[in-house]
Structures are given as structure tokens and as C-alpha cells.
Amino acid sequence: MSHDQSDTHTEGEPTRLPTDTDDGLLVIFSGPSGVGKTTITRGVERRVPDAVFSVSATTRAKTDADVDGVDYRFIDDAEFDAMIAEDDFLEWADVFGKRYGTPRPWVDEQLRRGRVVILEIDVEGAKQVKSRRPEATAIFILPPSSEELLERLRSRKREDEAAIQRRYAEAQREIADARACGAYDHFLINEDLEAAIDEAVDTVTRARETRQARSRGPVGQ
Ligand code: 5GP
């Protein structure tokens, strides 16, 4: 690894810090809506040292529950198009008719700093990231059963029954796709929230240790 001082910032080039380690870990979390994905992801962010959450850009409308810049960066279609043209997305996908994308320059900067970068993205996005960054660890969160998922979607009381049934059908399709596509390294069943967070933290911690051991190289060299 080089910490060459001549590697200074110029237009379009990333800034390197002497403390950069280049051994960051990219972690993908996916799962159907209603599965507890956001709670698990934010739990991992809190408990894993040096973990940071990647704030996606989206063209979907901001709701009262969203904080701009914390949950998402809310942008319009023109800005999203411009980011695609600039190759500013590590991945992007159309989800329920709106576009969502992961900001590539920010993610790469965090990885250079040696951080654990958490992406909460859909299956299409996970496939793109794994094909570009095969070293990423991808975790898919499953409900304990189909019945339980339907129950959870209903208990959120956010939508009418028709919308709940649409989400449920979409969730079934997403789970089948996740199992078939080969992008996921781990499937984690969220039966009990605290236990699921523990398991996710363990999985990420193990992947992190493997990543750091690899970047240090064989002992004695
Ligand atoms: P919501 O609008 O309910 O917050 O998210 C809808 C879906 O979009 C979720 O499955 C979420 O994981 C996914 N999503 C959020 N950000 C991104 C992103 O940057 N890329 C992709 N591919 N999916 C995303």
C-alpha cells in the first residue's frame, strides 16, 4: 500500500489521507418490506465499530417519517439522470416505479478509510454490487414464515388490504429471486429482533476480520 505524498487531490481525483487503509468492507442488507430490515441495519451500524450507513439518493417523495440526508437524499429525476451520466452510482434500480441509487464516490472514500460501509438496497441493486465488487458481503433477511410476513405487513397499518397484498406478492417474488440469483452470502431469519441483530453483527464482524487478515497478507511477509 502506498501513502505517497504526491498522491494529492486534483479535480476529479479522490483525496488520500496518510491514515487510509484500503481495507474497508462493503456490506449489503436486503429483504422484503416488513421484515425488520431497517431496524437490523441500524442496529449493526450502532454496534460495529467504524460502521457507516450509505445514504441513498432517491426520486421517491419524502414522507413525514423521513429525514433528508439521513434516511435518503431526495432528488428529482433530472438530478438522478445527471448522476447516472457522471457515473456517480455504484448501483441503481427502479423500485416500485421510483429510482434509488448508491453514491459511488462516498462509498469508495469510506472504504479507503477502512470503514464498514452498510448498504440497504434491493435485490437488483445487490446483484449489481456483487458483480462489480465480489468481495462485498451480502445478507438477505427473511421472515420466519409467509404467514408471519403477511401479519407484519398488516400490523403496520400503513396501507389498505389491496396494497398489503401487492407488497406481500412482491415480497414472495423478491425472496425467490434472492435465493435463486446467487448474490447473497448469508440468509438471516428474523424470528426475534434482538437475536437477528446479534447474528447480523456476528456475521459482519467475521467478514471484517477475514477482510483485514487478507489485506495484512500472510504472516511473516
Ligand atoms: P423505501 O422507499 O420503502 O425506503 O425503500 C424501498 C426499497 O428500495 C427497499 O427495498 C430498499 O432496500 C430499496 N433501496 C433503498 N435504497 C436503495 C438503493 O440505493 N439502491 C437500491 N437498488 N435499492 C434501494
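Atoms within a ligand are numbered from 1 in the order they appear, just like the ligands themselves. We're numbering straight along the sequence, starting at 1. None of these values were measured; they are calculated from a predicted model.
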Next item on the list: Measure Lys98 to ligand 1 on non-hydrogen atoms and call it side chain, backbone, both or neither using the 4.0 Å cut-off.
Entry: neither

Notebook entry, point to check: At a 4.0 Å threshold, what atoms of ligand 1 neighbour a non-hydrogen atom of Gly101?
Noted result: 18 (C), 19 (O)

Check: Just by distance, do the side chain of Asp71 and the backbone of Val67 share a donor-acceptor pair under 3.5 Å?
Finding: yes

Check: If you count the atoms of ligand 1 from 1 in the order shown, which ones are under 4.0 Å from a heavy atom of Thr102?
Finding: 19 (O)

Item checked: Cationic N near anionic O, under 4.0 Å, Asp23 to Arg214 -> no

Next item on the list: Enumerate the atoms of ligand 1 whose separation from the nearest heavy atom of Arg60 is less than 4.0 angstrom.
Entry: 1 (P), 2 (O), 4 (O)

Margin query: Working note: Arg211 + Asp22, criterion salt bridge (charged side-chain N to carboxylate O under 4.0 Å, His left out); need CA distance, chi angles, decisive distance, verdict.
Written below: CA-CA 10 Å; Arg211 174 86 188 88; Asp22 292 307; over 6 Å; no

Next item on the list: Tell me, please: is Tyr72 in heavy-atom contact with ligand 1, that is, under 4.0 Å?
Entry: yes

Next item on the list: Kindly indicate, with the supporting measurements, whether the criterion salt bridge (charged side-chain N to carboxylate O under 4.0 Å, His left out) is fulfilled by Lys98 and Asp77.
Entry: CA-CA 9 Å; Lys98 298 292 173 187; Asp77 272 310; over 6 Å; no

Note to self: Using a strict threshold of under 4.0 Å (side-chain N to carboxylate O), is an ion pair present between Lys130 and Glu135?
What the structure shows: no

Item checked: Heteroatom proximity flag, Tyr100 to ligand 1, N/O under 3.5 Å -> yes

Next item on the list: State the atoms of ligand 1, each with its element, that fall below the 4.0 Å cut-off from a heavy-atom position in Gly125.
Entry: 22 (N)

Margin query: If we count only N and O atoms by modelled type, under 3.5 Å, do the side chains of Gln165 and Glu161 hold a donor and an acceptor together?
Written below: yes

Next item on the list: Just jot down the ligand 1 atoms closer than 4.0 angstrom to any heavy atom of Glu120, in number order.
Entry: 12 (O), 14 (N), 15 (C), 16 (N), 17 (C), 24 (C)

Next item on the list: Determine, using heavy atoms of Glu124 and all atoms of ligand 1, whether some pair is separated by less than 4.0 Å.
Entry: no

Item checked: Minimum side-chain heavy-atom gap Lys37-Ile139 below 4.5 Å -> no

Next item on the list: Could you tell me whether Val95 approaches ligand 1 through its side chain, its backbone, both or neither, with non-hydrogen atoms closer than 4.0 Å?
Entry: side chain

Checklist line | atom 3 (O) of ligand 1 touched by protein heavy atom at under 4.0 Å | finding: no

Checklist line | Close-contact set for ligand 1 against Ala93 heavy atoms, below 4.0 Å | finding: 22 (N)

Next item on the list: Compute both the distance and the angle, then confirm whether Arg42 meets the cation-pi test with Phe53: under 6.0 Å from the six-membered ring centre, within 45 degrees of the axis.
Entry: yes

Notebook entry, point to check: Out of Val35, Asp122, Thr63, Leu90, whose heavy atom sits nearest atom 22 (N) of ligand 1?
Noted result: Asp122

Note to self: Looking at Arg167 and Glu170, is there a salt bridge between them, counting it only when a charged N and a carboxylate O are closer than 4.0 Å?
What the structure shows: no

Note to self: Looking only at protein heavy atoms, which one is nearest to atom 19 (O) of ligand 1, and what is the separation?
What the structure shows: Ser56 OG, 2.6 Å

Notebook entry, point to check: Would Arg179 count as a cation-pi partner of Phe187, with NZ or CZ less than 6.0 Å from the six-membered ring centre and within 45° of the ring normal?
Noted result: yes

Margin query: Hydrogens and angles aside, do Thr63 and Asp66 bring a side-chain donor and acceptor to less than 3.5 Å of each other?
Written below: yes

Next item on the list: Would you please determine whether Glu174 falls within less than 4.0 Å of ligand 1 on a heavy-atom basis?
Entry: no

Check: Given Glu91, Arg99, Lys37, which one has a non-hydrogen atom that is nearest to atom 11 (C) of ligand 1?
Finding: Lys37

Checklist line | Ser33 heavy atom under 4.0 Å from ligand 1 | finding: no

